[in-house]
Amino acid sequence: TKPSPSNNPTQDIDHDASKKEEYLKKLNDMVESDKNADTGITTIEMSEHFAEIYKKWDVELNEIYEVLKSQLSTQQMDKLKEEQRNWIKNRDIIAKEASLKFQGGTMESLEYIATLAGLTKERCYELVENYMK
């Protein structure tokens with residue numbers, strides 16, 4: 001019989017490495033898709049575009065987080081949960097500060113959502129590169 005992955009550490013390492021590579025490729029494909037997407041020309045169209053991009057990256061971030069739950073020890077996951085809570089608070093503060101340079105203007109909400117999208121994309125890469133096995 002073929003050994004199960006838990007009985008073959010080499011196979012586990014190969015599988016884990018491919019999981020990280022799989023996610024990095026997926027993230028890179030998402031970046032290319034974002035580059036090729038039509039952003040529109042009005043502020044409303046651009047806001048809708050960045051809202052969709054933010055939603056897409058947020059879904060991906062949650063998916064990555066779920067994979068990490070299965071890969072990390074309880075102690076590592078507890079540390080990551082706290083780090084993630086702090087990251088969310090900081091992300092929101094940074095996005096708000098970025099939008100304030102357009103306070104009261106039509107670009108304020110666009111800058112806010114575009115900053116959220118960019119920071120969430122960066123966080124996806126950070127989690128995959130720093131935590132995924």
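If you read the sequence from its start, that first residue is 1, and numbering goes on from there.
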Return a table of donor-acceptor pairs under 3.5 angstrom between the side chains of residues 106-113 and protein atoms on other chains or two or more places apart.
{"from": "E108", "atom 1": "OE1", "to": "G104", "atom 2": "N", "distance (Å)": "2.8"}
{"from": "E111", "atom 1": "OE2", "to": "T115", "atom 2": "OG1", "distance (Å)": "3.4"}

Looking at SG of C124 and CG of D58, how far apart are the two atoms once the value is rounded to the nearest 0.5 Å?
8.0 Å
Please round to the nearest 0.5 Å and tell me the distance separating atom CD of E63 and atom CG of L68.
11.0 Å
Identify, with sequence neighbours excluded, every residue that meets side-chain hydrogen bond (donor to acceptor under 3.5 Å, both in side chains) alongside K69.
E66
Assigning hydrophobic clusters by single linkage (Ile, Leu, Val, Met, Phe, Trp, Tyr; side-chain heavy-atom cutoff under 4.5 Å), is F102 placed with M46?
yes
To the nearest 0.5 Å, tell me how far L72 CG sits from K133 NZ.
5.5 Å
Residues H49 and A37: closest non-hydrogen pair is CE1-CB, 3.5 Å
Under 3.5 Å, is there a donor-acceptor pair between the side chain of E129 and the main chain of E126?
no
Measure the CD-CG distance between E32 and L27 for me, rounded to the nearest 0.5 Å.
12.5 Å
Can you name the nearest heavy-atom pair linking V67 to M132, along with the distance?
CG1-CE, 3.7 Å
Rounded to the nearest 0.5 angstrom, the CD-CH2 distance for E122 and W57 is 10.5 Å
Just by distance, with hydrogens left out, do Y125 and N130 show a side-chain donor and acceptor under 3.5 Å apart?
no
Is L116 reachable from L100 through a run of hydrophobic residues whose side-chain heavy atoms are each under 4.5 Å from the next?
no
Less than 3.5 Å apart, which donor and acceptor atoms pair up between the side chains of residues 74-84 and the rest of the protein, not counting sequence neighbours?
{"from": "Q76", "atom 1": "OE1", "to": "S73", "atom 2": "N", "distance (Å)": "2.8"}
{"from": "Q76", "atom 1": "OE1", "to": "S73", "atom 2": "OG", "distance (Å)": "3.2"}
{"from": "E82", "atom 1": "OE1", "to": "R85", "atom 2": "NH1", "distance (Å)": "3.3"}
{"from": "E83", "atom 1": "OE1", "to": "Y131", "atom 2": "OH", "distance (Å)": "2.5"}
{"from": "E83", "atom 1": "OE2", "to": "R123", "atom 2": "NH1", "distance (Å)": "3.1"}
{"from": "E83", "atom 1": "OE2", "to": "R123", "atom 2": "NH2", "distance (Å)": "3.0"}
{"from": "E83", "atom 1": "OE2", "to": "Y131", "atom 2": "OH", "distance (Å)": "3.3"}
{"from": "Q84", "atom 1": "OE1", "to": "R123", "atom 2": "NE", "distance (Å)": "2.9"}
{"from": "Q84", "atom 1": "OE1", "to": "R123", "atom 2": "NH2", "distance (Å)": "2.8"}

What are the two closest non-hydrogen atoms of V128 and K20, and how far apart are they?
O-CE, 3.4 Å
Separation of D34 CG from K121 NZ (nearest 0.5 Å):
7.0 Å
If we only count heavy atoms from C-beta on, is the D29 to S33 side-chain gap below 4.5 Å?
no
Would you indicate whether the side-chain heavy atoms of I41 and E45 approach each other to under 4.5 Å?
yes
Take atom CD1 in I88; do more than 12 heavy atoms of anything else shown fall under 6.0 Å from it?
yes
Candidate pair Y23 and L127, rule side-chain contact (heavy atoms from CB on, under 4.5 Å), full reasoning
CA-CA 10 Å; Y23 272 88; L127 291 181; over 6 Å; no
